[in-house]
K.L.:
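First the structure, which I've put down as structure tokens, then a few questions once you've had a look.
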Amino acid sequence: MTDTARWSEESEALAESVMAKYPQKRSALMPLLYIAMREDGYLSEAGMRRVADLVDLEPAQVSSVASFYTMYKLEPVGKYLVSVCTSISCWLLGGDEVLEAVEASAGVPSGETDESGVISPEHVECIGACGGAPAVQVNYELIEGLTPKKATELVEWLNAAQPATLNGDEMQALFGGERSFDWAINETNDATGPYPAFQPHGTIAALDRS
Amino acid sequence: MSEPAEFVTIKLNGEEIQAPAGEMLIKVAEDNGTYIPRFCWHPRMKPVGLCRMCLVEVETPRGTALVPSCVQPVADGMAVETGSPVALKAQEGVLEFLLVNHPLDCPICDRGGECPLQDQVMSYGPGESRFVEEKRHYEKPVPISDLVLLDRERCILCARCTRFSDEIAGDPLIEFQNRGNGTEIFTFPDEPFASYFSGNTVQICPVGALTAAPYRFRARPWDLLTIESTSPFHTEGSRITVHASQNQVLRFLGVDNGLTNQGWLSDKERFGFEFIGSPDRLKMPMIREDGEFREASWGEAIGLVAARLKEIVERSGPDAVGAIGGAQGTNEDAYALSKFMRVAVGTNNLDAQLDDGLNPDFLVGVGSRARIQDLESAKTILVWSADLKEENPILYLRVRRAARELDATLIVVHPARTGLDDLADHKFGYRPGDGADLLADLAAGTQDYAPALDALQDGPVVVILGRTGLSEDGGLAEAVASFARDLPAASIMPIVRRANTFGALDMGVAPSLLPGRIPARGASGAIIELWGKVPATRGLDTAGMLAGLVGGELEALIMVGADPVRDVPSGSKAADALRAADFSVAIDLFMTDSAAMADVVLPAEGFTEKEGTVTNLEGRVQKVNRIVPGPGQARPDWSVLDGIAESMGSPIGLPSSEAIAKEISTVATAYEGVSWDLLEGEAREGAVVPIGDVRQPLEYIAVNAEQPARTKGLALHLARTLYDDGSAIRHSLSLAKLAPGMTAGLSPDQAVDLGVEAGDLVTVSIGSVTFACPVRIDRALADKTVAIPFNQPGIETLDAAASVLVKAGGSS
Amino acid sequence: MTDHPLILTARMHAHPESSHTIATYEATGGYTALRTALDMGRDAIVEEVKAANLRGRGGAGFPAGVKWGFLAPARPAYLVVNGDESEPGTFKDRQLMERDPHQLVEGTIISSLANEVNHAFIYIRGEYPKSARRVQAAVDEAYAAGYLGANILDSGYDLELTVHLGGGAYICGEETALLNSLEGRRGEPRLKPPFFPAVRGLYMAPTIVNNIETLSNIPWIINNGGNAYSAIGPEDSPGRRMCSISGHVNRPGNYEIVEGITWRELIYDVAGGIRNGNELKAWVPGGASAPWFVPAEHLDTEVTKAAIDSNGSMTGSGAVIVMDHTTDMVAAAERLVRFFAHESCGLCTPCREGTTWLDMILRRMLAGHGRASDPDVLYDVSDNISPGVTWPPKMTTICPLGPSAVSPVASLLKHFPEEVAAAVERGTQVPVSIGIRS
Ligand SMILES: Cc1cc2nc3c(=O)[nH]c(=O)nc-3n(C[C@H](O)[C@H](O)[C@H](O)COP(=O)(O)O)c2cc1C
Ligand code: SF4
Ligand code: SF4
Ligand code: FES
Ligand code: FES
């Protein structure tokens, strides 16, 4: 294996701890890809090379795995990935119209990123919020029960406020409607980029364990 | 590991047949004359059942089920319909699905005419397409390496190429990317499919998605003439077919000889065919006159050679003449050289190895010889040799298979990183020169070595041994052999790398041996009856001959397919020797660096241009065949040597290659009964000439002799790479550019000591040769060692015995 | 509905603010089942689960206790909890993970104990970071409380529990694809045979894969006994199950139901009926893979596994998607087919090529370019993926995903031929091709 550029010390330490959680280190491949995304904002070639190095694979094997899944973005995406569900239940209740509204206010079609690199709209398959259709995620933080109008406001808010971290409950309160079920208490987290905020992979600082 | 097969009875299309339990249905059907269409299944790879082309109907307790026959083991009482309406509908359906996105460009496809997909469509396929939507589009063929192009539109995603690269070759550089309908085969950006075995994927691709740059669009299959032959590139003796059109060799394909290459070829042997048609081939005899070569007739050239040799023999005795080479031709050529030197000249000064091999007596005479096939049942394998991936790539694949698929314990001993390290259960490195110490530790089972020694007690054990590098004394391999001999159920495979070396040694192209592995000293029997008296004293080996030329004891040198200036591990000494020679003649395909220094150069016919036999590293004799004429006036070596002997007035009486073959089988006892008829008839997989058998007159007992004192300063690990500046590669345009070039391999600590990192330039001095090259970090190297690849383009050949110095910096 | 107590959602209804915390969980009887189970030992736990006749809630409905009985004897063995919930219409596991993660963790520990597992995994789909956070927090709390790790509650039993986040791929819900994914590979299903998880699963070791909801039932079963569980609802599919209802109903959501009510009761009473008083047109009774039901034939049939099966569909993931009379059924079918085409792993030919082809035809019809031959081609392409287009489906594919795409097409052709004909009618009959790769 060639020597690849190391990540930040924090990410390298995380990578070590993640690998230790599995009986075989290749199993850590997917979590490591998230760490790579956190490093670069997307899954870069350098990131995949580093992962390959860590788990003793060829880079082609890593990209083979990464490109299989939809959440590893192999191209740079905006600060906010706005994922609009257009699967059956959301479609029945206007998911396509919500997508149109998001695309219109972002000014770019699904799959692209606006000029200022803030919003990347995408349409996705079911995100498990069908009872609160139509549903949207921003950096994988959920908002249920949107309307095209609320979706437009959401994008405008993201553009204007550009929060460093996102909170699903806050966005739900501002733009959401009917939910699939009561989410219970609000909790702090920091969804900081277009990857899921999940602590073992290094994406959130701490959980409120109240 | 094959246990005695248990047989089951199944009903195949209504007929009861017997089949080995557990065998896949697709294979059983084929063995019984029913061909089930398939794309992903390949007999040499694990079945994956993904193309779904091979669906058949099988009766189950819950009614009939469609099952993929490539992953369905046969079981007693199973009833199978391969052509029922339901099965046929499914097969046609799959075929239609495959065609949905397949371009209709058969007329311009390399595979057109020999494409399994095309064939299937002809015999099963739907007529008109119902698919009116738009097909998948990709950029048309993109090079994924220097040798291979990929057309993703044609790919049917059978995963043969990816499985081969990963499982068999160990180079997972092409993989499925994306998913679903967007799935494609591809490499990682800037990481080309640089595998020594990449050409195999072209051969097994069932469509024209993977094509070989060296033969794209050259010919249509129906224009090709084909013969079966044996690859001349590695000592494993891969079975191949040679394809030619209009007197041009266009490609080699691997043939599945289950006992040797199992269908695979290295890219060197697959694409090395290019040298045959090189415009640089010698076409006319050449004579040096006033320092310049001029063309001459065969009569003149042979007359001159005969006269000069005769003159020297008469003046200084037969031992003033020597010959090196003979390992690049056929056994028949080698026999002619052997007989020529003994009978026409009268000396034992001949050597097929170029100072880079092992003691010939050891190579042909050591007992308990392993065959390649023994790797299939080996429990433990010890590889203490050159990096097999670089020098014996087919053996490399077989060892990989044994370790990976057959769960053999693999122990690798080598001073640097080798291709097998990743699969090895135990890897031991050492500083070149310290091998004997390591052997002592291993034999004693001291701490680190105890598990490996334990594994070696678990037979059957196969021990592959050879020189790990050119700077290593050949005696170490013999010492390892003497250790291995005492292991339980161990067999030994001493190896060298150059083409037909084993055949040449068997023909007596060695200072100590006569044909049939008969020691020259005290020889008797049929060979003496035919040849008459032969010189009894051991002759000079290559190093001795080169030294002899400089010292004046030797005056004339005959080079037969040998280029000592590039090939011996001290090329500058070889050049000095040639300069000092009173007379030298080269019989060769090309004007090599050495031939260019000779007095007479004679054009030889090469591989595919002549018929004969070759012998591989396990003693397997196989046929090579002719399909194209040689260029110009080129002649086979044996005929040239026969002509010279005739002209010298000491005829050796060799009228044809076939006549020589007959003579070999009468005088070389070990080759008794090995006739061309046999090799073309029942022994298509080759006939193994027994080693260590009663007919084997020589039994060489290896000993653990004292090794030369170790180096004090920096130790040199000088090792070959698959691609180098050898003459076949130099003249195979596709391969010539693949030689890795000079690098200096250093251990991480050594690099730190020198203050350099990977890629930095260092200046290396080896004896009188100094050059600058980039640093390569090799974690497997010992400190105080530098690893240098041998025979790279643009660099003089290096003296393995010279002292070496490395310092940071330099300009290239 | 019934007077049986809630099993899965009782705590979250009673303690909406804190049901996910260990304090509330313990205060409401949490982790007592674990203590009981540690005393019972392996075989007794398996017996209770067998007695409960707890069917898997991931889709196939296989009894969990029976599955556990098949675990091959080699060790190590692994338990993998399937939280990849991605089938359109399904959102029940998310609620169980976010609102009562300790119930899941306790169920997982007991199930691991029953199967001699020392390392278990909870595989959660990547789009559920909140579920993953809540489950991870619960796992951390359980470690801290001594319910996980070495020597659990001084019993000598050790268990590591790793929460694994997916990367976005529905096919990873298929158990063997999930194992590949967990090994750091592409989420491609393995061949069964020979790779049955119970024999050759994770790292080729014996492995149990169970759904989130399935294992969330385990604490209750241990606390109340298998017989108490099997006494609830129909004999063949007892207990309570989560039913995700979505689409054109007034009260979408997850409902913890007992089987035996009719579809009319479920849709009109439980889910509040159709929005705006509209007419019910069709519904998907068990996740996107299930053949559709229509009111004329099915409204008064029972919501039981047996009845649904015999009526030619399946309970599947328990998701019910309701469509009213305004729905364009060709478009609805296309939405469903599009999903499977997008989620096909691409490994086997009929699914990789066939699902996309079906989707292309439907899209072309919707774009006004239907052809007279389209219904036949739709049927025959379906037939080449799922021979006979029967139920339960036969398949030319490796896994059931390919045939899943056939369900909506077959349902469309069967129940709404006139809508198909109308779409063809709208067609211009001019051969066109439209690229639809996205
Ligand atoms: C295409 C496909 C998708 C599936 N998706 C899920 C899923 O998201 N969650 C799940 O629990 N089971 C899913 N399954 C079923 C699993 O393969 C497996 O049967 C189940 O996890 C076993 O758990 P259970 O016995 O507890 O139901 C899926 C199956 C298929 C064929
Ligand atoms: S390139 Fe050829 S061998 Fe490789 S997957 Fe495609 S069709 Fe198969
Ligand atoms: S049916 Fe589809 S998802 Fe399943 S293995 Fe085949 S291609 Fe993959
Ligand atoms: S269909 Fe949109 S979240 Fe399920
Ligand atoms: S040959 Fe059997 S599935 Fe491909």
Side-chain angles (χ1 to χ4, degrees), chain A residues 21-31 33-34 55 57 64-66 68-72 83 86-89 91-93 110-111 123-133 137 140-142 168 178 180-185 187 189 191 196-201 203-204 207 209-210, chain C residues 12 16-21 85-91 94-95 98-99 119 125-130 132-133 136-137 141 160 162-170 181-187 203 244-248 252-254 284 288 319 321 323 327 332 335-336 339 342-343 345 438:
Chain A
K21 297 204 304 182
Y22 297 91
Q24 295 184 5
K25 63 180 170 180
R26 184 173 177 157
S27 278
L29 181 59
M30 291 171 61
L33 292 173
Y34 283 131
V55 296
L57 294 175
S64 176
V65 175
F68 184 89
Y69 301 94
T70 53
M71 293 170 65
Y72 302 115
S83 315
T86 52
S87 271
I88 182 84
S89 302
W91 170 77
L92 286 169
L93 292 163
S110 175
H123 63 89
V124 295
E125 297 296 346
C126 178
I127 47 181
C130 333
Q137 287 185 332
Y140 303 104
E141 294 302 303
L142 181 65
E178 191 99 29
S180 299
F181 52 84
D182 181 359
W183 297 357
I185 57 144
E187 58 194 8
N189 64 63
F198 180 50
Q199 186 183 25
H201 307 160
T203 48
I204 53 173
L207 266 176
R209 305 263 168 71
S210 54
Chain C
M12 60 184 86
E17 292 292 295
S18 62
S19 59
H20 59 289
T21 61
E85 180 173 78
S86 312
E87 181 140 328
T90 319
F91 48 97
R94 180 162 75 90
Q95 183 166 356
E98 293 180 8
R99 300 297 309 283
H119 197 155
R125 70 177 297 197
E127 296 89 340
Y128 280 6
K130 182 169 188 149
R133 291 195 295 263
Q136 181 70 57
E141 286 173 331
E160 298 298 328
T162 300
V163 178
H164 185 93
L165 197 64
Y170 160 69
S181 184
L182 193 50
E183 288 182 8
R185 300 171 198 282
R186 294 165 64 83
Y203 312 124
S244 304
I245 308 184
S246 65
H248 295 151
N254 285 320
V284 186
I321 305 165
M323 296 175 269
T327 313
R335 269 313 137 143
L336 289 162
F339 171 78
H342 183 259
E343 300 300 329
C345 81
S438 50

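Throughout, a chain's letter reflects where its sequence line sits, starting with A, and its residues are numbered from 1.
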K.L.:
Search all heavy atoms of C/H248 against all heavy atoms of A/L92 and return the closest pair with its distance.
P.N.:
NE2-O, 3.0 Å
K.L.:
With no hydrogens and no angle check, just 3.5 Å: does a side-chain donor-acceptor pair link C/H164 and A/Y22?
P.N.:
yes
K.L.:
Identify which part of C/V163 has an atom lying under 4.5 Å from any heavy atom of chain A, answering side chain, backbone, both or neither.
P.N.:
both
K.L.:
Looking only at heavy atoms, what is the nearest atom pair of C/Y203 and A/S27, with distance?
P.N.:
OH-OG, 2.5 Å
K.L.:
Are the side chains of C/K130 and A/W183 in contact, using a 4.5 Å heavy-atom criterion?
P.N.:
yes
K.L.:
Applying salt bridge (Lys or Arg N to Asp or Glu O under 4.0 Å), name anything that partners C/R94, two or more places apart in sequence or on another chain.
P.N.:
A/E144, C/E98
K.L.:
Run the ring pair (Phe, Tyr, Trp, His ring centres under 6.0 Å) test against A/F68 and tell me which residues pass, sequence neighbours left out.
P.N.:
none
K.L.:
I'd like to verify something: which residue of C/G187, C/G166, C/P252, C/A319 has the highest number of heavy-atom pairs under 4.5 Å with chain A?
P.N.:
C/G187
K.L.:
Please classify the contact between C/E160 and chain A as side chain, backbone, both or neither, with a heavy-atom cut-off of under 4.5 Å.
P.N.:
neither
K.L.:
Check each atom of C/E343 against the heavy atoms of chain A and say whether the ones under 4.5 Å are side chain, backbone, both or neither.
P.N.:
side chain
K.L.:
Distance check, rounded to the nearest 0.5 Å: C/E17 atom CD versus A/D182 atom CG?
P.N.:
7.5 Å
K.L.:
Out of curiosity, C/T327 OG1 to A/I88 CD1, how far, rounded to the nearest 0.5 Å?
P.N.:
8.0 Å
K.L.:
Under a 4.0 Å N-O cut-off, is there an ion pair linking C/E183 with A/K25?
P.N.:
no
K.L.:
Given heavy-atom pairs under 4.5 angstrom as the criterion, report whether the side chain, backbone, both or neither of C/S181 touches chain A.
P.N.:
both
K.L.:
Drop me the distance from C/I321's CD1 to A/C126's SG, to the nearest 0.5 angstrom.
P.N.:
8.0 Å
K.L.:
Identify which of C/G89, C/G253, C/S244, C/A169 forms the greatest number of heavy-atom pairs closer than 4.5 Å to chain A.
P.N.:
C/G89
K.L.:
For the pair A/E125 (side chain) and C/P88 (backbone), establish whether a donor and an acceptor sit closer than 3.5 Å, ignoring hydrogens and angles.
P.N.:
no
K.L.:
Could you tell me the separation between the CZ atom of C/F91 and the CZ atom of A/F181, rounded to the nearest 0.5 Å?
P.N.:
8.5 Å
K.L.:
Flag the one option from A/S64, A/G111, A/A129, A/A133 with the top tally of heavy-atom pairs under 4.5 Å to chain C.
P.N.:
A/S64
K.L.:
What I'd like to find out is whether the side chain of A/Q137 reaches to under 4.5 Å of the side chain of C/E127, using heavy atoms alone.
P.N.:
yes
K.L.:
Heavy-atom pairs under 4.5 Å with chain C: which of A/V55, A/L93, A/L33 has the most?
P.N.:
A/L93
K.L.:
Does the C/R335 side chain pair with the main chain of A/T86, one donor and one acceptor, at a distance under 3.5 Å?
P.N.:
yes
K.L.:
Which atom names give the shortest non-hydrogen contact between C/L165 and A/M30, and what distance separates them?
P.N.:
O-CE, 4.0 Å
K.L.:
So, for A/S87 and C/F339, which heavy atoms are closest and what is the spacing to 0.1 Å?
P.N.:
OG-CD1, 4.1 Å
K.L.:
Do any N or O atoms from the side chain of C/R133 and from the backbone of A/A197 form a donor-acceptor pair under 3.5 angstrom?
P.N.:
yes
K.L.:
Using a cut-off of under 4.5 Å on heavy-atom pairs, state which of C/A288, C/S86, C/G247 scores highest against chain A.
P.N.:
C/G247
K.L.:
With a 4.5 angstrom heavy-atom cut-off, could you sort out which part of C/T90 is near chain A: side chain, backbone, both or neither?
P.N.:
backbone
K.L.:
So which of A/P196, A/G132, A/S110 has the biggest tally of heavy-atom pairs under 4.5 Å with chain C?
P.N.:
A/P196
K.L.:
Which atom names give the shortest non-hydrogen contact between A/A184 and C/R99, and what distance separates them?
P.N.:
CB-NE, 3.4 Å
K.L.:
What pair of heavy atoms forms the shortest contact from C/A132 to A/F198, and how long is it?
P.N.:
O-CE1, 3.2 Å
K.L.:
Would you mind checking which part of C/Y128 comes under 4.5 Å of any heavy atom in chain A, side chain (CB onward), backbone (N, CA, C, O), both or neither?
P.N.:
side chain
